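Okay, structure first, notes after.
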2 protein chains.
Amino acid sequence: MANNLERVLSIQSHVVFGYVGGKAAVFPLQCLGYDVDVVNTVNFSNHSGYGRSGGTKTTAAELNSMFEIMEHNELLRPTRLLTGYIPGAEALSAVEKLAKKLKHSKPSLIYLLDPVMGDAGRLYVAADVIPVYQEMLPLATIITPNWFEVELLTGVELKDMPSLHRALDILHKDYHVPNVVISSIPLKSWLAAALPSTILPPSSTSSSHLLCISSSLHIPSAADTHILHTSASPRSTVHAQCVPLIPGYFSGVGDLFSALLLAHFHPDNTPENLNATCLSEAVSQALTKTHAILLMTQGQSEGLPEEERQPTDDELDKEDPLRKTRRMRGRELALVKGQDLIRGSGISHVREMMLWDGFWDGASS
Amino acid sequence: MANNLERVLSIQSHVVFGYVGGKAAVFPLQCLGYDVDVVNTVNFSNHSGYGRSGGTKTTAAELNSMFEIMEHNELLRPTRLLTGYIPGAEALSAVEKLAKKLKHSKPSLIYLLDPVMGDAGRLYVAADVIPVYQEMLPLATIITPNWFEVELLTGVELKDMPSLHRALDILHKDYHVPNVVISSIPLKSWLAAALPSTILPPSSTSSSHLLCISSSLHIPSAADTHILHTSASPRSTVHAQCVPLIPGYFSGVGDLFSALLLAHFHPDNTPENLNATCLSEAVSQALTKTHAILLMTQGQSEGLPEEERQPTDDELDKEDPLRKTRRMRGRELALVKGQDLIRGSGISHVREMMLWDGFWDGASS
């Protein structure tokens, strides 16, 4: 249970039905003891995967006005900031301005920035948010892009270890992000080939696993000054873990993961030179609990009537649009049913992030 | 923990900071095992008690459009409906239309209608909502007006037992509301004089108590037909309980109480002729947990720095408006800290609602 004084300001989407955005993040944070201030960047009926969805977007002016009133009322007091889906550049700029103000008045603010822009090659925000996110990166304590979002932010196509090195270097060095966590990475052959055997799943199953990578800059303490002198270009510490892929598409998983990661990140309890350990422990908890919720969701959906668990089939979906919406409904995260898992009970085995020794071997400096 | 299939559609206000409206209701419902669909009738920075607050109201057209999309997507599937703060008649009419549709397609829908209009003589919605609420009353399973809202709905000024009889008769008979729960009633002398000694607090402390009344119509089962024949005008069964007043003004208490009442109301487990027992047991749980959260809130606020717990003083508040906002901030409900109480652990003593035998004595038929 978090310290009484911990308070998260969460800025992301709201849907009436189901669990994405704030609906996937706020309840877990509350269960883990955080007071949460909740800004809804949109108020929609349901997530876009249902085909039809609708509602209102909060404008930049409306966001600015609410932030201004909260500042006037001395209600901008979060110890942590969590930002997710913000659909346009103007609204995102309002959030950027707020993040700068919060960071300025409280330098210890922990900011988890999830640069929600798209997935698997498809953008679901206006493209003009990309440069704004790039401007915001130096404010972040942790970022949680997916594979596609790393490519959008860095301009590097990820196709081999040198490109992965380059992308992480850009995020850590050019954008000064201390902690980068990339979850749900398809385990392509070049990635599997580079993984230490301690992390690699049994070869027969590697295509049925996803990889999670966390990369943490060593933040030097005073006692470490000599290291800086002997190492021209200190690289990040990288941890990784493979998680079995659960077939089918589930929405809100990234939002839940980011919220759990933020909830379990406790740098105050960690000596400065163990920053990577602090991050990887939080990632381990977030991975474990997210996977447990997904398993429960899958189990629940398997118990539904047949029409609610039809496999993905674009042809058949076209003939009967409700086929898709029923499938989506059957796959909404079992967050309420799984709340004990979120609180940590019933978790028998933690999926520990493992040190990726030699990750930077062969990287150009 | 509620049945897996239980799903609440909650329609009320949203504030970024603090716990009123949906922020006071949704988390408790989720903790008690309900999936909650959340419609925000407003998106405000904070509750109006802070002096300054702002944001957007959801229009009737926006509500209708979201409800229409949800219906199209087969996402209007609540087993329970909870409505609270809805600031204008047009938006309220949209909610009325929805409630009728839900009730029509699922007659077993449990609808808790909290006719949030004002308190202690002050309206905080547009007056044109009153006739719309009157139209909606027959749809409700339970209503939770405060004292002032009973007066607004019935047009009866509550000043003695005959007027209380008349108001309840109007709600039960003219508006066909089966269950009426009025919490937080100041224990005026005529009310204290009428209370059975089993309910009355020790006389020295009666001014420091609030009364809660629940009134439940006997819903006749087939076996009871003879009662209807012998009794020309079957009256409701009334329960009541006194709860110690906690000094100071706390916001969101009614919203929390209504959510807990709905969560603990389980008519399916109850033989038809025990409707009053089923209601009074739910009220007992809601009263007990609400009071426990208030005590924790008070304790937390007493631990704050002095500037955050200045007593109410309109003169001093005028000189320094932040005096009031800081006091408000210090009195936000300790819902996250008190979540174990909501789940029922740490509750040593339930404040049982007691039968008010003879409540209807002397009432004109």
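Every chain is numbered from 1 and lettered A, B, ... according to where its sequence line falls, protein lines coming before strand lines. All values derive from a computational prediction rather than experimental measurement. Every heavy atom of this structure was used, including side-chain atoms; hydrogens, water molecules and symmetry mates were not.
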With a 4.5 angstrom heavy-atom cut-off, which part of V36(A) approaches chain B: side chain, backbone, both or neither? backbone
Pick one of side chain, backbone, both or neither for E332(A), based on which atoms fall under 4.5 Å of a heavy atom in chain B. neither
Does a side chain donor of either T79(A) or Y34(A) reach within less than 3.5 Å of an acceptor in the other side chain? no
Answer with side chain, backbone, both or neither: which region of S45(A) has an atom nearer than 4.5 Å to a non-hydrogen atom of chain B? both
Contact origin within S53(A) toward chain B - heavy atom pairs under 4.5 Å: backbone
Side-chain (S258(B)) to main-chain (D114(B)) donor-acceptor, under 3.5 angstrom: no
Can you say whether T56(B) sits under 4.5 Å from chain A via the side chain, the backbone, both, or neither, judging by heavy atoms? side chain
Between F44(A) and H47(A), is the ring centre distance below 6.0 Å? no
Of all of V16(A), T325(A), D37(A), which one pairs up most often with chain B through heavy atoms under 4.5 Å apart? V16(A)
I'd like to know which of V38(B), V39(B), I11(B) tops the heavy-atom pair count under 4.5 Å against chain A. V38(B)
Check this for me: does any side-chain nitrogen of one of K101(B) and E71(B) sit under 4.0 Å from a carboxylate oxygen of the other? yes
Of the backbone (N, CA, C, O) and the side chain (C-beta and beyond), which part of K23(B) lies under 4.5 Å from a heavy atom of chain A, both, or neither? side chain
Measure L9(A) against the heavy atoms of chain B and call it side chain, backbone, both or neither at under 4.5 Å. side chain
Looking at E90(A), I'd like to know if its CD atom is crowded, meaning that more than 12 non-hydrogen atoms belonging to other residues, nucleotides or ligands lie closer than 6.0 Å. no
Is the ring pair H264(B)/H266(B) parallel, tilted or perpendicular, if the boundaries are 30 and 60 degrees? perpendicular
Turns out that what part of E74(A) lies under 4.5 Å from chain B's heavy atoms comes down to both
Side chain, backbone, both or neither: which part of L322(B) has a heavy atom under 4.5 Å from chain A? side chain
Heavy-atom side-chain contact between V8(B) and P78(B) under 4.5 Å: no
Is the Y50(A) ring parallel, tilted or perpendicular to the F17(A) ring (thresholds 30°, 60°)? perpendicular
With only heavy atoms counted, which part of R52(B) is less than 4.5 Å from chain A, the side chain, the backbone, both or neither? both
Under a 4.5 Å heavy-atom cut-off, does chain B meet the side chain of Y19(A), its backbone, both or neither? side chain
Answer yes or no: is there an ion pair linking R309(A) with E302(A), defined by an N-O contact shorter than 4.0 Å? no
